[in-house]
Amino acid sequence: MRFSSVFGVLALTLSLSACGESNSQHTQNQVSASASALQAHLEFLASDDLEGRDTGSRGHEIAAKYIAAEFKTLGLQPAGDDGTYFQRIKFRRSFLEENSASFTLNTGDDTVELAYPKQFITGPSAYSEHDDVEAPLVFVGYGLVSEAFGLDDYAGLDVEGKIVVMATGRPEHLPSEEGAHLNSSKAKFAAERGAVGIITLHTPEREKVRPFEVSIMYQRAPSVRWLQPNGEPNVLYKNMAASAYVNTDAAEQLFVNAPVKLADIYAQLEAGDMPKGFDLGVSARLQRSSRHEEISSPNVAAVLPGSDDNLKNEYVLYTAHSDHIGVTKDLSQDDHINNGAMDNASGVAVMLETARMFVESGVKPKRSIMFLSVTAEERGLLGADYFAHHPTVPLSQIVANVNLDMPVLLYDFADVIAFGSTHSTLGASVARAAGEFGIELSEDPMPEQAIFTRSDHYPFVKKGVPAVFLMTGFTSKTEGEDGGEVWGKFFAEHYHRPSDQPDLPINYEAGVTFTNINYQIGEEIANQVERPRWLPESFFSQLD
Ligand SMILES: [Zn+2]
């Protein structure tokens, strides 16, 4: 799971408590998840021996082999490459070369050298080893384009061959999921209009939630991209050879010749307005060198063939990421291993139990079920993205994705939150499945996190596959227990830390309920006559 470091802890300071009062009986299906099986899977996958399952590590390879062995034990068909359970992916890790980044601003009268990393930071290029771009700068507001929301920050501007300068983030009036999607499409909007680089402005508002100093601290992390089978990196916009994130005093210098004062732009941003773009009347030369390294890591895929002659060519896809963030570099701690018990050994355990339930239910589903553990989620949803681009079954035949990521199984949850449920007909299936186990369906308690765009279902959503992703809600069936508090405490104290490990007080009975619901959702989708579809009014029904 990848939470935004910008909003991160803020969400948790809100007290998200409510009273759960669902007390309906579990409907006893013929088949149920087993608490001890969930525990066995989780304890193996989150053991110290797997060393935090970092993408490309030996520990993650062992996790992948374990998952494949379980699939084989269940008699599932291999659905990876060449008749195996594995879809091996090559990745390029890119590092910015020390002291290679430079940013020279030419204002016409003057040449100014910006200081790295004090005034600007930049990442490595996954595409080329040396970049050297000189071009005029054009301010483009937030750099957003959306017909649905009537936005075009590029209207009337010519950015062909130029470097665009944009404010970080997005205006608050956009709904969170749609806003997050548009925010992640900024490079695409710029590239489609011929821009050769992007300079993003840090703003006083952003400084309040994430100081520039913090961005400096995090910028040394390598970037990871998957490689096409031909060895080319998955870099969508090769003409974009320059990028920089500049602090507010560097921004002042970019605006010396601007027709509008930077202070006025900040005021517009703060008021929730969309500032209009203009030529900045300056040019810049950006240079950097990058070093590349290749690693490989597998997705693991298996299929339970459907029973219906026609529908068996369609697939319900379960996904759960098997990777985590590996070993921490903070040597001040005794425990260095980020075990990822909740993130996401628990999701994989739920998926393995779901697979067993389908096999042992005695009734074959009409549609086929695919189980896919994906790698490199923590590096940017990369394993899922690779599969969405190189599916081992036709993507158009994947009717739905049920994603499992970081179910926090630490309390007797009385409700679930189903991200994506308001966008497609899957919402109805989720409500029925949860209802069967006496679990309520709650609204998203932290819309600002835009979680719908933050896990492995999202690359499938972008390809048009309706998806749903369940999280344990913030109410508890246990008297006196505040589910939101337990969840928030996990997030604040254990999320992405060595203490997310099997000695947490894991409630495996809650895991059983969570698994049963996710099984039920897939079972209904697999057997219903009509395939799921996006609701026509959903923004995600019309992505290109
Ligand atoms: Zn995570």
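Every number for a ligand or one of its atoms is a count from 1 in the order of the listing. Please read all numbers here as calculations on a predicted model, not as lab measurements.
- When you scan the N, O or S atoms of Glu378 for the one nearest the Zn ion (ligand 1), you land on OE2.
- A perpendicular orientation is assigned to the rings of Tyr66 and His41, their planes being inclined by more than 60° (bins at 30° and 60°).
- When distances to the Zn ion (ligand 1) are checked against a cut-off of 2.8 Å, His321 contributes no N, O or S atom below that limit.
- A distance of 11.5 Å separates CZ of Arg454 from CE of Met406, quoted to the nearest 0.5 Å.
- Residue contacts to the Zn ion (ligand 1): Glu377 brings no N, O or S atom closer than 2.8 Å.
- Within the 6.0 Å centre-distance limit, the rings of Phe419 and Phe469 are counted as a close aromatic pair.
- When the Zn ion (ligand 1) is compared with the N/O/S atoms of Asp343, atom OD2 turns out nearest.
- His390 and Trp226 have perpendicular rings, their planes meeting at more than 60° on a 0 to 90° scale where under 30° would count as parallel.
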